[in-house]
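Notes follow the structure.
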Amino acid sequence: RRSALEAVGGYTSVRDRINDDICMARRMKSCGFRHIFLDAKKVLSGRLYESLGDAIRGLQRIQLEYFDGSALTLGLIIILLGGMVLAPPLMAVLRLLGGITVPPMLWIGMLSFLAAWSVVLWDRGQKWYVPFLYPIQFSIMSWVCCSSIIDGTVGRGYRWKNRTIPSLRMRKSA
């Protein structure tokens with residue numbers, strides 16, 4: 001509602017944020033308003049990025065700010081997800097090579113993870129093999145997140161649409 005938007009200061013209250021949509025939702029919530037995210041996949045479509053480089057830069061600019069500039073939080077999430085996504089396939093490969101015995105609970109965990117994401121991918125109309133690409137996708141996203149942490153904390157900012165967008169840390173110090 002317009003009255004809610006005006007009560008939180010409108011878009012000017014998040015104009016300096018890269019993740020203005022997420023920040024606006026958080027602002028609405030903190031001011032006591034309710035909000036919902038609608039799944040509009042059946043009525044909307046679009047192309048976010050023109051190239052792989054644009055996609056990497058687009059994802060890089062939002063990662064650290066999603067966690068309010070906390071490199072520690074983002075770093076811990078990368079480590080925890082790495083354990084869930086990268087460790088099971090690595091251990092499975094080592095097992096197949098005859099090197100180690102993989103505990104049954106690890107197999108159950110890996111299969112549960114793949115099954116849960118398979119349901120999500122089915123809902124989104126993705127191919128069956130996509131969950132098996134997660135280790136590669138996660139490795140790329142880890143690199144993107146780490147570069148987001150570096151660029152955001154050393155003050156380089158983020159390259160986006162032929163300009164440099166200052167990081168949260170740069171805007172706070174200004």
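Worth knowing before you read on, the calculation uses all heavy atoms, side chains too, and leaves out hydrogens, waters and symmetry mates.
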Q | Tyr11 six-ring centre to Arg27 NZ/CZ under 6.0 Å and within 45° of normal | A |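 No, Arg27 and Tyr11 do not form such a contact.
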Minimum-distance pair of heavy atoms, taken over all atoms of [X] and [Y]:
X      : Y      : result
Thr164 : Arg156 : CG2-O, 3.5 Å
Val144 : Ile56  : CG2-CG2, 4.0 Å
Cys146 : Ile78  : SG-CD1, 4.2 Å
Leu59  : Met141 : CD1-SD, 3.8 Å
Ala7   : Phe33  : CB-CZ, 3.7 Å

Q: Look up atom CD1 in Ile18 and atom OH in Tyr66, then write down how far apart they are to the nearest 0.5 Å.
A: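 One finds 15.0 Å between CD1 of Ile18 and OH of Tyr66.
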(Q) Could you measure the distance from the CZ atom of Arg34 to the CE atom of Met28? Nearest 0.5 Å is fine. (A)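 CE of Met28 is found 12.5 Å from CZ of Arg34.
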Q) Can you list every pair that meets side-chain hydrogen bond (donor to acceptor under 3.5 Å, both in side chains) and has a residue in residues 71-87, with sequence neighbours left out? A)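 Residue pairs with at least one partner in residues 71-87: Ser70-Thr73.
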Q) Pairs in or reaching into residues 42-57: which pass side-chain hydrogen bond (donor to acceptor under 3.5 Å, both in side chains), with residues at least two apart or in two chains? A)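 Of all non-adjacent pairs touching residues 42-57, those that pass side-chain hydrogen bond (donor to acceptor under 3.5 Å, both in side chains) are Asp54-Arg57.
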Q) Between Glu6 and Arg2, is there a salt bridge with N-O shorter than 4.0 Å? A)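 Judged by the 4.0 Å cut-off on N to carboxylate O distance, Arg2 and Glu6 do form a salt bridge.
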**Q.** Working for side chain to side chain contact (heavy atoms under 4.5 Å, CB included), residues Ser13 and Met24
**A.** CA-CA 8 Å; Ser13 66; Met24 179 58 76; 4.1 Å; yes
**Q.** Trace of the side chain to side chain contact (heavy atoms under 4.5 Å, CB included) decision for Leu64 with Asp151
**A.** CA-CA 9 Å; Leu64 186 59; Asp151 289 348; over 6 Å; no
